[in-house]
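Input: a single structure, listed below in structure tokens.
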Amino acid sequence: MSSENNRLNHTTEPAHPEPLRRVRAVHTATTITVYQAYSPSLGLPAARDGRFPPAWKRERMTWIKPSFLWMMYRCGWATKPDQERVLAIEIDRTGFDWALRHACLSHYDPVVHSDRDAWKRQLHASPVRIQWDPERDLCLKPLPYRSLQLGLSGEASRRYADEWTVAIRDVTPLAHEIHALVARGDLTSAAALLPEERPYPAPAGTPGLYCPAAA
């Protein structure tokens with residue numbers, strides 16, 4: 001399937017249906033790109049310096065999203081308060097895979113957990129939480145398959161900020177440009193500007209990738 005067709009799949013249901021859950025991202029042999037949105041007071045220094053500033057609270061849970069359009073849904077195309085700067089954070093794949101291997105689902109799933117108490121124990125011990133939320137199209141409507149969110153806390157949050165981060169770019173202008181095209185109804189041009197996200201080879205055992213019958 002061509003790159004253009006892959007992008008247009010964000011506006012309509014794919015000709016070849018996606019699996020219920022899959023990690024899709026911009027990635028190279030050594031890095032993967034995730035997205036976050038911040039206030040200008042945090043986002044601008046991070047993009048300028050290529051690293052998170054001291055004001056970035058490493059002791060708090062932070063959520064990263066490999067899906068550009070899910071990030072647009074979350075931040076309202078960079079219009080929501082304290083989410084006016086969208087950052088593309090390129091991180092080391094070894095660190096990302098470590099996070100997936102040390103993750104716990106953010107919700108109880110009887111297919112994965114023997115009982116709720118076992119899930120609660122795992123959730124308490126894990127530095128990473130996984131959520132699978134509906135992917136979004138260019139109009140930010142939900143699609144019938146899901147994308148990954150990773151919540152990093154404790155060791156994972158610190159390593160993300162200080163070890164795994166390779167580069168940080170401010171992609172707010174891109175978000176605004178795509179949004180303007182969508183608002184004018186030019187979905188083809190908007191789709192052509194989307195980051196080209198491809199299936200990512202997540203480690204075996206990544207929570208939630210078993211694709212159950214029910215979402």
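For this chain, numbers begin at 1 and follow the sequence in order.
Partners of R74 by salt bridge (charged side-chain N to carboxylate O under 4.0 Å, His left out), not counting sequence neighbours: none found. Legend: residues meeting side-chain contact (heavy atoms from CB on, under 4.5 Å) with I32, ordered by chain and number and at least two apart, are A25, H27, I91, R93, F96, Y200. Applying the salt bridge (charged side-chain N to carboxylate O under 4.0 Å, His left out) test to R101 and every residue at least two apart in sequence or in another chain returns nothing. D92 pairs by the salt bridge (charged side-chain N to carboxylate O under 4.0 Å, His left out) definition with nothing, not counting sequence neighbours. With sequence neighbours left out, D82 forms a salt bridge (charged side-chain N to carboxylate O under 4.0 Å, His left out) with no residue at all. Checked against ring-ring contact (aromatic ring centres under 6.0 Å, His included), Y73 has the following partners two or more places apart in sequence or in another chain: W70.
Contact between V86 and T172 at its shortest, heavy atoms only, is N-OG1, 2.8 Å. Of all the heavy atoms in Y145 and R24, the pair that sits closest is CD1-NH2, 3.3 Å. Here the shortest heavy-atom pairing between R85 and L44 reads NE-CD2, 3.8 Å.
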Item to check | Evaluation steps, side chain to side chain contact (heavy atoms under 4.5 Å, CB included), between L140 and L138 | outcome: CA-CA 5 Å; L140 306 185; L138 275 166; over 6 Å; no
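In terms of modelled atom types and a separation under 3.5 Å, the side chain of S147 and the main chain of D133 share no donor-acceptor contact.
With a 4.5 Å cut-off on side-chain heavy atoms, R129 and W63 count as touching.
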